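Please read the structure below before turning to the comments.
Please read all numbers here as calculations on a predicted model, not as lab measurements.
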Amino acid sequence: MKLTQIGFFLGLLVGIAACLSVFSSFLQETDLAMVFYCAAALLSIVLGKALIGNYSNFTVIFLVFSALYSLSGPIAALYGGGIIEIYPTPYMVDEFLMHYSLAILGLAIGLMLASSISYHRIGSTNISPIWNHRTLLLLAYIFASMASIMEIANFLRVGGFVTLYAGKAVYQAAVSDLPGNFPSATIMLLSTAFLGLSLSVQSMPIKNRLGRFSLWLALGLPIILSLIILGERTTLLSIIVVLFIGILFFNPMKIIGLKWIVLVFLIYLSMAFLYGTRSYLGEVLSTGNLSMLLAVIMEPTFWPRILNPASNDFCCVFGNFNTYILSGVYDIRLGETYMRDILDPIPRLIWPDKPQTTWVDFRDTFFPEYAQLGATGGTGYSSVLEAYVNFGTIGVLIVYLLLGLVMGCLEIVRQRSKSLFFSLFYLLMLPMAMLFHRTSMGNPIFWPLLFSFVGWCLYILINFIYWRESSINAED
């Protein structure tokens with residue numbers, strides 16, 4: 001990661017566009033502010049690629065999803081007939097664009113500061129470390145099997161197919177309420193990280209890659225099928241992203257070819273289709289009657305609706321921000337919500353009076369009807385809104401500047417490090433690059449650190465056992 005002349009020029013363009021968007025929003029020149037913000041958001045993606053040198057990294061994914069979440073809502077509010085009806089009106093687009101422009105400005109400054117740090121680069125970014133690819137692959141299979149067993153255990157404990165077919169909200173709430181529920185999705189992500197790295201450190205024919213992937217998929221099939229039936233797009237997309245970034249970990253993608261564009265479109269189409277049909281999958285599977293599902297798919301509005309980002313979760317960032325601004329609440333928390341979420345991993349057995357997480361508190365205050373859907377029901381939150389709630393308008397700029405610095409340092413460590421522990425941690429952080437924008441900041445590193453440590457320890461243990469057995473056999 002290096003601040004080149006092109007990178008500096010792009011950062012300057014992002015800063016100018018973001019400042020013009022802030023100024024236009026202040027003057028309530030909404031259309032002009034939207035144009036400048038679109039330019040700043042899109043240029044920030046180009047800036048990320050220019051500073052890091054490739055597209056297959058945490059920062060670029062973060063910036064892409066930042067643009068998707070921040071643009072979908074206001075564009076729909078201004079030019080598309082509004083967002084989903086649960087959110088109140090009028091739409092405070094100017095206030096939204098002002099604060100998100102400050103966030104983009106902060107990110108750009110932070111990334112440029114991080115890229116200007118002088119450091120001694122160790123090795124080369126395109127040389128794979130000396131890891132035992134067989135052990136990596138074995139752990140991918142072990143963790144995929146564990147994830148499936150955990151998912152089956154959760155499935156049986158909540159009532160089996162009856163609860164599964166009741167839909168995502170019911171099933172997730174039932175699993176969440178289980179004492180000692182198993183983290184099957186996180187274990188599957190860890191398995192995916194090991195698979196991606198095993199395919200990255202060793203060159204092999206495509207036939208061999210497909211064979212290893214097929215076995216891994218077969219071992220993880222129970223949890224994959226469960227995620228598909230429930231329409232768990234976020235977890236499925238996280239698995240796909242972790243796998244591809246893992247495979248490209250030591251040979252990053254510097255140019256986006258046509259095949260990648262087609263692949264991204266097909267993934268988006270699949271995720272949109274899953275979103276549009278998941279409410280009917282349970283009934284179809286339980287009754288075997290496809291007529292209702294086919295009728296829904298054949299509706300003229302089906303495809304335009306599911307392909308429009310503003311008609312689903314992408315509008316929640318704008319909707320939540322708009323809801324808070326319209327409420328008239330202005331209670332500066334001075335970092336209280338960040339501290340609350342940092343301490344969230346502490347179990348209630350140790351801290352019985354532990355406060356609710358920030359997004360749950362927001363849901364119960366502004367959308368109490370969603371609490372009836374269970375522990376996982378809600379509209380999410382907004383990371384920019386959280387910065388505003390804690391430190392006001394200027395706090396958004398400061399928080400996101402620090403965030404840009406942290407992301408830049410993360411990319412520097414990735415370029416320097418050949419550590420398996422860090423590589424696992426980096427890959428397990430990728431879902432946060434997608435989810436961060438629609439939730440509270442929380443404690444994003446605790447669980448990735450914990451599971452990366454577990455995976456790393458098992459890798460060391462298996463290699464030690466293999467080395468010991470080899471030594472004994474050699475002596476004999």
For [Y], is there any backbone N or O sitting under 3.5 Å from a side-chain donor or acceptor partner on [X]?
{"X": "Asn320", "Y": "Ser382", "value": "no"}
{"X": "Asn322", "Y": "Pro88", "value": "yes"}
{"X": "Ser148", "Y": "Ala144", "value": "yes"}
{"X": "Ser226", "Y": "Pro222", "value": "no"}
{"X": "Thr439", "Y": "Leu435", "value": "no"}
{"X": "Arg212", "Y": "Leu137", "value": "no"}
{"X": "Asn54", "Y": "Lys254", "value": "no"}
{"X": "Ser25", "Y": "Ser21", "value": "yes"}
{"X": "Ser191", "Y": "Phe143", "value": "no"}
{"X": "Tyr37", "Y": "Ser70", "value": "no"}

Find out whether [X] and [Y] are in side-chain contact, i.e. whether some heavy atom of one side chain is under 4.5 Å from a heavy atom of the other.
{"X": "Tyr338", "Y": "Phe391", "value": "yes"}
{"X": "Ser56", "Y": "Phe244", "value": "no"}
{"X": "Asp361", "Y": "Arg340", "value": "yes"}
{"X": "Leu190", "Y": "Ser452", "value": "no"}
{"X": "Phe302", "Y": "Val296", "value": "yes"}
{"X": "Ser200", "Y": "Leu248", "value": "no"}
{"X": "Phe446", "Y": "Ile342", "value": "no"}
{"X": "Tyr87", "Y": "Leu326", "value": "no"}

Shortest non-hydrogen separation from [X] to [Y] and the atoms involved:
{"X": "Leu307", "Y": "Ala272", "result": "CD2-CB, 4.0 Å"}
{"X": "Glu336", "Y": "Asn390", "result": "N-OD1, 3.2 Å"}
{"X": "Ala108", "Y": "Leu47", "result": "CB-CD2, 3.9 Å"}
{"X": "Ala41", "Y": "Ile104", "result": "CA-CD1, 4.4 Å"}
{"X": "Ala114", "Y": "Gly408", "result": "CB-CA, 3.6 Å"}
{"X": "Thr393", "Y": "His99", "result": "OG1-NE2, 3.0 Å"}

Once you round to the nearest 0.5 Å, how far does [atom1] of [X] lie from [atom2] of [Y]?
{"X": "Leu71", "Y": "Tyr100", "atom1": "CG", "atom2": "OH", "result": "10.5 Å"}
{"X": "Ser423", "Y": "Phe194", "atom1": "OG", "atom2": "CZ", "result": "10.5 Å"}
{"X": "Asn57", "Y": "Met253", "atom1": "CG", "atom2": "CE", "result": "9.5 Å"}
{"X": "Leu450", "Y": "Leu428", "atom1": "CG", "atom2": "CG", "result": "10.5 Å"}
{"X": "Thr235", "Y": "Leu189", "atom1": "OG1", "atom2": "CG", "result": "7.0 Å"}
{"X": "Ile45", "Y": "Phe65", "atom1": "CD1", "atom2": "CZ", "result": "10.5 Å"}

Counting only heavy atoms not in [X], do more than 12 sit closer than 6.0 Å to its [atom1] atom?
{"X": "Phe453", "atom1": "CZ", "value": "no"}
{"X": "Leu266", "atom1": "CG", "value": "yes"}
{"X": "Phe265", "atom1": "CZ", "value": "no"}

| Tyr400-Ser383 side chain donor-acceptor pair, cut-off 3.5 Å |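 A donor-acceptor contact under 3.5 Å links the two side chains.
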Which of parallel (below 30°), tilted (30 to 60°) and perpendicular (above 60°) describes [X] and [Y]?
{"X": "Phe366", "Y": "Tyr324", "answer": "perpendicular"}
{"X": "Tyr388", "Y": "Phe321", "answer": "tilted"}
{"X": "Phe62", "Y": "Phe436", "answer": "tilted"}
{"X": "Phe451", "Y": "Trp447", "answer": "tilted"}
{"X": "Phe367", "Y": "Phe362", "answer": "tilted"}

| message | Please determine whether side chain to side chain contact (heavy atoms under 4.5 Å, CB included) holds for the pair Leu401 and Leu107, giving the CA-CA distance in whole Å, both sets of side-chain angles, and the decisive distance to 0.1 Å. | response | CA-CA 5 Å; Leu401 187 153; Leu107 280 175; over 6 Å; no
| task | Just do the side chain to side chain contact (heavy atoms under 4.5 Å, CB included) check on Val158 and Asn181 with the steps written out, would you? | result | CA-CA 10 Å; Val158 298; Asn181 61 75; over 6 Å; no
| Could you go step by step and tell me if Trp303 and Leu269 meet the side chain to side chain contact (heavy atoms under 4.5 Å, CB included) rule? | CA-CA 10 Å; Trp303 289 104; Leu269 193 65; 3.8 Å; yes
| task | Test side chain to side chain donor-acceptor pair (under 3.5 Å) on Ser184 and Glu151 and set out the steps. | result | CA-CA 5 Å; Ser184 55; Glu151 184 62 26; 2.6 Å; yes
| query | Are Phe96 and Val317 close enough, and set up right, to give a side chain to side chain contact (heavy atoms under 4.5 Å, CB included), and what steps lead you there? | reply | CA-CA 10 Å; Phe96 179 87; Val317 168; 4.0 Å; yes
| request: Taking the six-membered ring for Trp and the full ring for Phe, Tyr or His, determine whether the centres of Tyr91 and Phe318 are under 6.0 Å apart. | output: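 That pair passes the under 6.0 Å test.
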| request: Show your reasoning for whether side chain to side chain donor-acceptor pair (under 3.5 Å) applies to Asn154 and Tyr171. | output: CA-CA 10 Å; Asn154 287 338; Tyr171 186 84; over 6 Å; no
| request: Test the Arg414-Tyr426 pair against the cation-pi criterion, namely NZ or CZ under 6.0 angstrom from the six-membered ring centroid and within 45° of the ring axis. | output: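 Yes - Arg414 lies over the ring of Tyr426, closer than 6.0 Å to its centre and within 45° of its axis.
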